[in-house]
**Student:** 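Sharing a structure, written as structure tokens. Questions coming.
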Amino acid sequence: MVQTSWTTAGVFTGPGGVRTDEGGTLTGELTVHTAWASGQAEVKVQYSGTSKWFTLTGSPVPCPSGQESRILHQTVVDAVRAGGGTVLPRRDGP
């Protein structure tokens with residue numbers, strides 16, 4: 001099984017933060033991590049400098065390739081910066 005991952009630290013949330021399954025809405029400085037394997041991408045966030053990860057609401061999502069997971073990761077980072085209660089954007093089809 002091939003696995004690919006992407007991590008971006010120091011991402012400040014926009015107004016309204018991001019929504020997570022375990023921690024509710026998070027705001028402030030976060031690290032965003034996307035892992036891709038077997039056709040799915042899973043996105044988690046954590047407060048920068050801590051060890052506890054939270055699943056971004058809507059994760060995991062189908063994702064056809066590692067390359068597509070990189071695009072998804074950047075889309076999520078941009079959405080976190082925009083805020084507004086960010087959840088994982090749905091990706092339908094290849």
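In this text the structure is predicted, and so the values were computed from the model without any measurement.
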**Student:** Hey, does the side chain of S59 reach the backbone of V43 with a donor-acceptor pair shorter than 3.5 angstrom?
**Tutor:**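 Checking the backbone N and O of V43 against the side chain of S59, a donor-acceptor pair under 3.5 Å is found.
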**Student:** Stepwise, does the side chain to side chain contact (heavy atoms under 4.5 Å, CB included) test hold for T31 with V11?
**Tutor:** CA-CA 6 Å; T31 297; V11 180; over 6 Å; no
**Student:** Quick one about S69 and T34 (side-chain donor to acceptor, distance below 3.5 Å, no hydrogens or angles considered), yes or no?
**Tutor:**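 Their side chains do not contain a donor-acceptor pair, so the 3.5 Å distance test is not met.
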**Student:** So, does S48 use its side chain to make a donor-acceptor pair with the main chain of L30 at under 3.5 Å?
**Tutor:**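 Flag set: sc S48 to bb L30 pair under 3.5 Å.
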**Student:** Indicate whether the side chain of E22 and that of T55 have a donor and an acceptor atom separated by less than 3.5 Å.
**Tutor:**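 Their side chains do contain a donor-acceptor pair, which is all the 3.5 Å distance test asks for.
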**Student:** When the ring centroid of W53 is compared with that of H33, is the distance short of 6.0 Å?
**Tutor:**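 Between H33 and W53, which both carry aromatic rings, the centre distance is below 6.0 Å.
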**Student:** Under 4.5 Å between side-chain heavy atoms, hopping through other hydrophobics if needed: is there a path connecting V61 to W6?
**Tutor:**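 The answer is no; the residues belong to distinct hydrophobic clusters.
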**Student:** When rounded to the nearest 0.5 angstrom, what is the spacing between CD in Q46 and OG in S51?
**Tutor:**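 Atom-to-atom, Q46:CD and S51:OG are 7.0 Å apart.
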**Student:** Closest approach of T8 and H73, non-hydrogen atoms and distance?
**Tutor:**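 Scanning both residues, the minimum pair turns out to be OG1-NE2, 2.7 Å.
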**Student:** Taking side chain as C-beta onward, heavy atoms only, is R81 less than 4.5 Å from T13?
**Tutor:**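 R81 does not reach T13 side chain to side chain.
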**Student:** Give a yes or no on whether Q74 atom CD has more than 12 heavy-atom contacts from other residues, nucleotides or ligands under 6.0 Å away.
**Tutor:**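 Yes, CD of Q74 has more than 12 neighbouring heavy atoms, counting only those of other groups under 6.0 Å.
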**Student:** To the nearest 0.5 Å, tell me how far E68 CD sits from W36 CH2.
**Tutor:**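 If I round to the nearest 0.5 Å, the distance is 10.5 Å.
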**Student:** Please round to the nearest 0.5 Å and tell me the distance separating atom OG of S65 and atom CD1 of I71.
**Tutor:**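 Interatomic distance, S65 OG to I71 CD1, rounded to 0.5 Å: 7.0 Å.
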**Student:** Of all the heavy-atom pairs spanning A41 and L72, show the shortest one and how long it is.
**Tutor:**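 For A41 and L72, the tightest heavy-atom pair comes out as CB-CD2, 3.6 Å.
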**Student:** Would a hydrophobic clustering, with Ile, Leu, Val, Met, Phe, Trp and Tyr connected at side-chain separations under 4.5 Å, put F54 with V18?
**Tutor:**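 Yes, F54 connects to V18 through the hydrophobic network.
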**Student:** Compare every heavy atom of Y47 with every heavy atom of L26, then report the nearest pair and how far apart it is.
**Tutor:**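 Heavy-atom minimum between the residues: CD2-OH, 3.4 Å.
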**Student:** Working note: V87 + L56, criterion side chain to side chain contact (heavy atoms under 4.5 Å, CB included); need CA distance, chi angles, decisive distance, verdict.
**Tutor:** CA-CA 6 Å; V87 297; L56 190 64; 5.6 Å; no
**Student:** Search all heavy atoms of V32 against all heavy atoms of V45 and return the closest pair with its distance.
**Tutor:**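 For V32 and V45, the tightest heavy-atom pair comes out as CG2-CG1, 4.1 Å.
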**Student:** Enter the distance from K44:NZ to L88:CG here, rounded to the nearest 0.5 Å.
**Tutor:**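 Rounded to the nearest 0.5 Å, the NZ-CG separation comes out at 12.5 Å.
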